[in-house]
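All residue numbers refer to positions in the sequence shown, counting from 1.
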Amino acid sequence: MRRAWLGLVLVVAGCGSSGGDDDVAIDGAVAGDGGPTVDAAVTTDGATSASDGASADAAAGFPNLPGPKLFRFGHMQASGTGLPTIPDFLDVCVTRTPGGTPVQMYAGTAGIGRFQIGAWRVLDVGNYALKVIAAGGTCADASVYDATFSQINDATYRRYTYLLKNAGSGSTACGSIQRSGPSDVANQDIVFYSDCILNGGPTVTFTDGAGTVTFPDPVSRPLAPGRSGTITMHFANGSPPDLTRAFRSATGQVSLHAYGVPVDNNVGMLLCDDLAAPVGHLSLCNAQVRAP
């Protein structure tokens, strides 16, 4: 089995990790399928449906940006029990260390809303300090959250997604690094699952007439194109209730993100086409991705 992604637990000074919640990334141009907070300001991109479903995502190319490394940021923190209050829309500044100048990733935009993932941005190879700020601000503003990441200093990996899951204490982020190339996505769909659920991740499966495929966190699974079935997110003891989503595999690469707070029965799943052209400053994540 070809593994196109490798999940990595982020090491953050002063923060521990809660089992099963370390590796994930969420994002979306829509509230997700049955998820918590609706991002009303988001624009749904109906024109992109032709690149989903059973067709290949060839229009975006691979990769869809030049440069040595690609980075994106996702706002995965739900508003729920035990979570601190942070802005609904965020931006992020990254500084190459040592001695780099801060670069604001989504300046001039509305920022990254809850359960949205930003578009890919080009970064040089290196180690970086990360500073999360309120959208509309500058890199000189007070931080919402600070961390470091070294993943794009590794020659093996091409793309890195940083997802902020909990800006308070404890496990804070779920990240993923991608090493797939054009040959990996040829004639199959690569599905990467990331668990951004706070304290209690679900079991996620795809089922069709040919059988059931389980998506472990954070491992990729290949699917032959044209398989039409259902993705199910199941919690132990049936609480919260199962979430389901119709899914038809294509040729390309997608990421599936579970997010929210189970104790509040406030969870959702978000599916993103990781090779599609962006929707403004956001990655393409909506109900049309791989819809039958």
Side-chain angles (χ1 to χ4, degrees), residues 5-27 65 67-77 83-84 86-87 89-107 109 111-112 114 116-135 137-179 192 194-199 217-218 255 257 259 274 281 283:
W5 291 69
L6 175 63
L8 186 66
V9 177
L10 300 179
V11 179
V12 182
C15 297
S17 63
S18 57
D21 289 345
D22 312 294
D23 309 273
V24 62
I26 290 185
D27 131 46
L65 284 176
K69 299 287 182 175
L70 301 179
F71 169 90
R72 65 182 180 180
F73 173 80
H75 186 349
M76 290 301 148
Q77 178 165 314
L83 290 175
I86 66 173
F89 289 84
L90 300 173
D91 201 343
V92 60
C93 297
V94 297
T95 305
R96 193 167 183 264
T97 57
T101 300
V103 177
Q104 189 170 341
M105 293 286 97
Y106 303 102
T109 74
I112 310 303
R114 294 184 192 275
Q116 294 180 348
I117 297 175
W120 296 106
R121 299 288 192 247
V122 174
L123 287 184
D124 291 329
V125 175
N127 301 320
Y128 284 83
L130 179 146
K131 178 181 180 180
V132 179
I133 60 174
T138 72
C139 293
D141 290 349
S143 67
V144 172
Y145 178 74
D146 296 287
T148 60
F149 62 95
S150 59
Q151 285 77 3
I152 61 175
N153 200 28
D154 189 324
T156 306
Y157 304 109
R158 172 69 171 146
R159 301 173 181 222
Y160 178 61
T161 300
Y162 187 102
L163 300 163
L164 186 65
K165 178 172 60 175
N166 177 14
S169 61
S171 181
T172 56
C174 27
S176 63
I177 46 183
Q178 173 190 343
R179 59 182 178 183
F192 175 80
S194 61
D195 176 12
C196 282
I197 295 287
L198 187 68
N199 300 327
D217 168 40
S255 55
H257 310 284
Y259 59 89
D274 290 337
H281 68 289
S283 288

Asker: How about S194 and F192: do any of their side-chain heavy atoms sit closer than 4.5 Å?
Answerer: yes
Asker: Can you name the closest pair of heavy atoms from C93 and I133 and give their distance?
Answerer: SG-CD1, 3.9 Å
Asker: Could you tell me whether the side chain of Y106 and the main chain of A119 form a donor-acceptor pair under 3.5 Å?
Answerer: yes
Asker: Apply side chain to side chain contact (heavy atoms under 4.5 Å, CB included) to residues L123 and L70 and explain how you reach the verdict.
Answerer: CA-CA 6 Å; L123 287 184; L70 301 179; over 6 Å; no
Asker: Any side-chain heavy-atom pair from V132 and D146 closer than 4.5 angstrom?
Answerer: no
Asker: Just verifying a value: how many Å separate Y160 OH and W120 CH2, rounded to the nearest 0.5 Å?
Answerer: 10.5 Å
Asker: Can you name the residues that form a side-chain hydrogen bond (donor to acceptor under 3.5 Å, both in side chains) with T138, not counting sequence neighbours?
Answerer: none
Asker: Minimum heavy-atom separation for A134 to P87, with atom names?
Answerer: CB-CG, 3.9 Å
Asker: Over all heavy atoms of both residues, which pair between K69 and I152 is shortest? Give the atoms and the distance, please.
Answerer: CE-O, 3.3 Å
Asker: Return yes if some donor-acceptor pair links the side-chain N/O of K131 with the main-chain N/O of C139 below 3.5 Å, else return no.
Answerer: yes
Asker: I need the minimum non-hydrogen distance between A107 and D91, along with the two atoms involved.
Answerer: N-OD2, 3.3 Å
Asker: Taking the side chain from R121 and the backbone from M105, do they hold a donor-acceptor pair closer than 3.5 Å?
Answerer: yes
Asker: Less than 4.5 Å apart, side chain to side chain, heavy atoms only: is that true for T148 and L130?
Answerer: no
Asker: Just so I know, are the side chains of T161 and F73 near enough to count as touching, which here means a heavy-atom distance under 4.5 Å?
Answerer: no
Asker: Is the backbone of G118 close enough, under 3.5 Å, to the side chain of S283 for a donor and an acceptor to pair up by distance?
Answerer: yes
Asker: Can you see which heavy atom on R72 is nearest to which on D274, and at what distance?
Answerer: NH2-OD1, 2.9 Å
Asker: Please check: side-chain N/O of Q104 versus main-chain N/O of G137, any donor-acceptor pairing under 3.5 Å?
Answerer: yes
Asker: Tell me if the centroids of the rings in F149 and F71 come within less than 6.0 Å of each other.
Answerer: yes
Asker: Which heavy atom in I112 sits nearest to a heavy atom in H75, and how many Å separate them?
Answerer: O-CD2, 3.4 Å
Asker: So how far is it from Q116 CD to F89 CZ, rounded to the nearest 0.5 Å?
Answerer: 5.5 Å
Asker: Would a distance-only check, ignoring hydrogens and angles, find a side-chain to backbone donor-acceptor pair under 3.5 Å from Q77 to A167?
Answerer: yes
Asker: Any pair with a residue in residues 92-102 that passes side chain to side chain donor-acceptor pair (under 3.5 Å), sequence neighbours left out, goes on the list, sorted by first then second residue, please.
Answerer: none
Asker: Report the residues that fulfil side-chain hydrogen bond (donor to acceptor under 3.5 Å, both in side chains) with N127, sequence neighbours left out, ordered by chain and then residue number.
Answerer: N153
